[in-house]
Number of protein chains: 2
Amino acid sequence: MILKSQVEWALHCCTILAGLPNGRYLSTKALAEFHGVPKEYLSKALQSLSQAKLVDSTLGPSGGYRLSRPAAEISFLDVVEAVEGKERTFVCNNIRTNNPCRPKSYCEAGPCAIARIMWEADEAWRASLRSVTLAALIQTLEKEIPVTLWQSSSEWVLNRAG
Amino acid sequence: MILKSQVEWALHCCTILAGLPNGRYLSTKALAEFHGVPKEYLSKALQSLSQAKLVDSTLGPSGGYRLSRPAAEISFLDVVEAVEGKERTFVCNNIRTNNPCRPKSYCEAGPCAIARIMWEADEAWRASLRSVTLAALIQTLEKEIPVTLWQSSSEWVLNRAG
DNA sequence: GAGTACTTACTCGGATAGACGCTGTCCGAGTTACACAGG
DNA sequence: CCTGTGTAACTCGGACAGCGTCTATCCGAGTAAGTACTC
């Protein structure tokens, strides 16, 4: 059970978009070039973000994507769920109903105890992702990344932002 | 990103094995019949449990599996990791190194900030699974399952235990 | 009655095949900004 | 200078193929318990 690489890409792209000046857009091409990933496949991830209403898109030249809300209001969970979907990581097929001793009249009350425990862990994972916003990520990045690299990167991005 | 159905099967099988009297074995065939799943494929899940040293196996007639430790010392995480592996659910491909502005001399210090956050959530998931033992599961099951069904099931199992 | 060979039932591992999702590429339709030509 | 047309750049969506993983099945090798058979 491993998350798609699109999740990684989407998170990195959101980071870049969060650093964009208000109202500016950045194209898929620029994002793909910056991260060294295939443009056409990256566009799938961005489409997922767009469908989830996390980013706005514009057509035409100097078009592209921008965050639809402030970075402080977008959590990691938002991005992960946009790409991976909101379904739980554990699905219960209710195999307990195959128990040969089970009377046909018997009707289960509530979900399987095993499923409940698995879903609880799933919720813990989501809660952890929900607690971190893009703004918080950028704050730690600003501390970790050398100033020169940070500046040259935002300059690179700005030159391509429409 | 969805867990294999083998995880569900393994958890249910461990529950049955945990209810077995000390030293008794239960065969793959009986476990498969009880849960209504294909015997040969279920055996893969049980082999994973065996490789992870969660269960002991015996060959020959009246052979099968039993827990290798008390149910109170086996957590959900043990079972899940036995089947799914211990790898983290998020893999960092370090695409930050593709940044065109990055000087070649520059060497990253420590893992990517995005990966760290994803791994923290992964750890929260695992911690939640680690906190629940098979013994605790059985305790809740005893409360929820009707006494008659509980008894007839353990009788069914005992008749097939070697 | 004691010892030995045989049968049976099971685990374990490898080989195999289909279904499905992920990865990655390609192309066409639609949209917008900009440049350019004509009045 | 203004208007209209054309072009370029981009998003979006669908179609498609390759690949690995998950699901599922089958078979053979090895092992242990029980049974029959021999001395």
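Letters A, B, ... mirror the listed sequences (proteins, then strands); counts begin at 1. Just so it is clear, the structure is predicted and the values come from calculations on it, not from any experiment.
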| request: Let me see the working for A:Glu123 and A:Arg130 under salt bridge (charged side-chain N to carboxylate O under 4.0 Å, His left out), right down to the final yes or no. | output: CA-CA 10 Å; A:Glu123 184 47 43; A:Arg130 194 160 25 224; 2.5 Å; yes

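- Proximity of B:Ser50 to the phosphate of C:dC12: a side-chain N or O atom is located under 4.0 Å from OP1 or OP2.
- Put simply, CD on B:Gln47 is 14 Å from C1' on D:dG30, counting in whole angstrom units.
- Distances shown here put a side-chain N or O of A:Ser5 below 4.0 Å from the OP1 or OP2 atom of C:dT23.
- With hydrogens and angles disregarded, no donor-acceptor distance shorter than 3.5 Å links the side chain of A:Thr89 to the backbone of B:Ile2.
- Distance, A:Glu8 CD to C:dG24 P: 11 Å, rounded to whole Å.
- For B:Trp119 (side chain) and B:Phe90 (main-chain N/O), a donor-acceptor pair under 3.5 Å exists by modelled atom type.
- Residue B:Ser57 is the one, among B:Ser57 and A:Tyr41, whose nearest nucleotide of DNA chain C lies closer to the 5' end (criterion: closest heavy atom).
- Residue-level contact check: B:Ser43 touches neither bases nor backbone, having no heavy atom under 4.0 Å from any strand.
- The closest donor-acceptor contact from the side chain of B:Ser75 to the backbone of B:Thr133 lies at 3.5 Å or more, if one exists at all.
- Spacing between atom CD of B:Glu40 and atom C1' of C:dT16 amounts to 13 Å, rounded to whole angstrom units.
- Counting to the nearest Å, the P atom of C:dC22 and the CG atom of A:Leu3 are 11 Å from each other.
- When distances run from any side-chain atom of A:Pro38 to the nucleotides C:dT25, C:dG14, D:dG13, the shortest one goes to C:dT25.
- For D:dG20, its base never sits under 3.5 Å from the side chain of A:Lys4 at any donor and acceptor pair.
- The CG-P distance, from B:Leu31 to C:dC10, rounds to 12 Å in whole Å.
- Distances from the side chain of B:Leu59 to the nucleotides C:dT25, C:dT11, C:dT31 place C:dT11 closest.
- A:Lys39 has its NZ atom 11 Å from the P atom of D:dA9, to the nearest Å.
- Ranking C:dA33, C:dG24, D:dT25 by closeness to the B:Lys44 side chain, first place goes to D:dT25.
- For the pair A:Leu49 CG and D:dG13 P, the computed distance is 13 Å after rounding to whole Å.
- If you take CG of B:Leu42 and C1' of C:dC10, they are 14 Å apart, rounded to a whole angstrom.
- At C:dT11, one or more side-chain N or O atoms of B:Thr28 fall inside 4.0 Å of OP1 or OP2 (strictly under the cut-off).
- Inspection of the A:Ser153 and B:Asn99 side chains reveals an N or O donor paired with an N or O acceptor under 3.5 Å.
- In the set C:dC26, C:dG24, C:dC10, C:dG24 carries the atom at the smallest distance from any side-chain atom of A:Trp9.
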